[in-house]
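What follows is a single structure, written as structure tokens, with notes after it.
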Amino acid sequence: MKLPAVSLLALSLAVALNPAVAGKPAGPEIDPNRLSQDVKVLSSDEFEGRGPATAGETKTVDYVVAQMKAAGLQPGGDLKDGKREWTQAVPLARSEIQGTPALSINVKGKSQALTQGEQIAVRAAQDGSKKVDIRNAPLVFAGYGVNAPERGWDDFKGVDLKGKIAVVLINDPDFDGGEGDFGGKAMTYYGRWTYKYEEAARQGALGLLIVHETDPASYGWATVKNSNTNTMFDVVRDQPASVHPMLEGWIQRDFAADLFKQAGLDFDALKAKAKTKAFKPVELKGATLSAKYDVNREIITSHNIVGRIEGAKRPDETVVYSAHWDHLGVGQPDATGDRIYNGAVDNATGTAALIEIGRAFAKGPKPDRSVVFLAVTAEEKGLLGSEYYASKPLYPLGKTVAVINMDALDPHGPARNFTTSGSAKQDLLNELVDKAKKLANLDYVTDPKPEAGHFFRSDHFPFAKRGVPAISFGSGNDLVDGGLEAGKKMEDAYVADRYHQPADQWEADWTFLGMARDLTLLYSLGRDLADSDRWPNWDASSEFRAARDKTAADRK
């Protein structure tokens, strides 16, 4: 059955939820059928999981560009011979383990072989090494792997980690207790695995193993395995070893506890000590790790896809909508033997949203400011496409009004609320909250899982850390059909059974009605900004305010 365009649906939903909005325009025509079709195509097996620098990337770029052209957008990417192209070239270092890695631990003379993806998940070396040959490296438990001078916190205490493998916990020391020097339950950047690898490199460690636990990581072991045992990417760096130790990996919590026990240590007792400033690193006496595998490392070029509408009055000022087009490509098979990580929700939904919002702008009156529709690559490899754009922007960040990011939107029915990744205080978020209430009586729910560190896991973050006001929109969980109970059940099932797994596939019964309604809201937010002369900013207490204020002269 063909679904109606959401312009009428949005109005009827808005009236149902808030009679006060009766008679107000419903916004642009955003068709759930087109959203469904785009997601279906982008997440089909033909696109091979949309891995960067694969045949799947070529098909994805061709498809998205064709849809942007049909929507009425203009190319906004790299300049060539004075003309904009549809893409921005993104050079990346690609590293892949050759064959099956030989991994083992030895405790007091007793050796145990480890299976990649089971007890341990090691990543292809990103420090520039083309061969990893580690023999009997000592293991040192280094708490949460945090060095935070401003908090008076140092998990390393000057211990020499040269030639050693550090073992650390995921998330922040505050996660379990909810109180402490790291802001309570909400994750800081110190809790992110990316930070832990970087700090291990700064400390001179040969390697770092992160102990996986589902709650503090916010995802299960299947996600860890699938995300870390396939091809790795990084931005091209002059000195990659400055931010990457040779060996990077994760180990299962139960395996870690048994390893500690064999070394005469109590994992839970040491974990408790690690929550305090007084913690000191502890060597796992008699325990060593060996690892041997070759790494194929090469520099490749992936692409961000960039559509644009030039502003009629102030074309040098830019509002950015963003979403990542990539997923995990082809990887380890699941229980059914499926090896294609289709990435329907994550993030064919956001890519489809980008195209449809672009279509809405192209059909409407020309905005005063320019609007860019940025589909970035390699988000799944560490926000690399957005990091590259933010470090080498096509349009100056000082005159970028805001970034509105869309990642893993709900393809089902509408909700009575919405959220964002993280809840950093800023004018942009305030505007979104106010607009949602006025247009459709939608409630804003602060990030329900701040401990998961979603703020650092979406493509708005590279912009935010450089001062650009940025949000990443999240679908609501209080469903019109089923309420909070249904919403939580759906979310839990997705995280457990689909997230970063081959099962994240398009479903014929997805209505896309809630997503279409939400996109009218995001369109309206961006439209208001594009037709105004306002410059939203971060709250005065925000860690991103200083970076924004440094570019204040650009906006005069």
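Since the structure is predicted, the reported quantities are computational estimates derived from the model, not experimental observations. Quick note: residue numbers are just sequence positions, from 1. What's counted below: heavy atoms across the whole structure, side chains too, no hydrogens, waters or symmetry copies.
Side chains of Pro536 and Leu529 form a contact here, defined as non-hydrogen atoms less than 4.5 Å apart. In this structure, Lys277 and Asp181 have side chains that are in contact, with non-hydrogen atoms separated by less than 4.5 Å. Proximity of Phe418 to Val445: side-chain heavy atoms (C-beta onward) are nowhere separated by under 4.5 Å. Contact annotation: the side chain of Ser302 never approaches that of Arg94 to less than 4.5 Å [non-hydrogen atoms, C-beta and beyond]. Looking at heavy atoms from C-beta onward, Asp334 lies out of side-chain contact with Gln501 at the 4.5 angstrom threshold. Annotation: side chain of Leu208 is in contact with side chain of Val168 (closest heavy-atom distance under 4.5 Å). Looking only at side-chain heavy atoms (C-beta outward), Met490 and Asp410 come within less than 4.5 Å of each other. Between Leu384 and Asp234 the shortest side-chain heavy-atom distance falls below 4.5 Å.
Side chains of His244 and Glu198: no donor on one and acceptor on the other come within 3.5 Å. A donor and an acceptor atom, one from each side chain of Arg548 and Asn537, are nowhere located under 3.5 Å apart. Side-chain contact of Asn417 with Asn477: a donor-acceptor pair under 3.5 Å is present, judged by distance alone. A side-chain donor from one of Ser386 and Asp459 sits under 3.5 Å from a side-chain acceptor of the other.
Taking the ring centroids of Tyr195 and Phe456, they lie at or beyond the 6.0 Å cut-off. Residues Phe544 and Phe455 bring their aromatic ring centres within 6.0 Å. Ring-centre distance between Phe141 and Phe279: below the 6.0 Å cut-off. Aromatic ring centres of Tyr144 and Trp153 lie farther apart than the 6.0 Å criterion allows.
Counting non-hydrogen atoms of other residues, nucleotides and ligands closer than 6.0 Å to NZ of Lys488 gives a total of 12 or fewer. Within 6.0 Å of CD on Gln112 lie more than 12 heavy atoms contributed by other residues, nucleotides or ligands. Within 6.0 Å of the CG atom in Asp528, the count of heavy atoms belonging to other residues, nucleotides or ligands exceeds 12. Counting heavy-atom neighbours within 6.0 Å of Lys273 NZ, excluding the residue itself, gives a total of 12 or less. Applying the 6.0 Å contact sphere to NZ of Lys157 captures more than 12 heavy atoms from other residues, nucleotides or ligands.
Using a cut-off of 4.0 Å between Lys/Arg side-chain N and Asp/Glu carboxylate O, Lys185 and Glu451 are scored as not salt-bridged. Electrostatic pairing of Glu199 and Arg202 counts as a salt bridge here, judged by a charged N lying under 4.0 Å from a carboxylate O. No salt bridge links Arg416 with Asp443; every basic N to acidic carboxylate O contact stays at or beyond 4.0 Å.
One N or O on the side chain of Asp127 and one on the backbone of Ser129 form a donor-acceptor pair closer than 3.5 Å.
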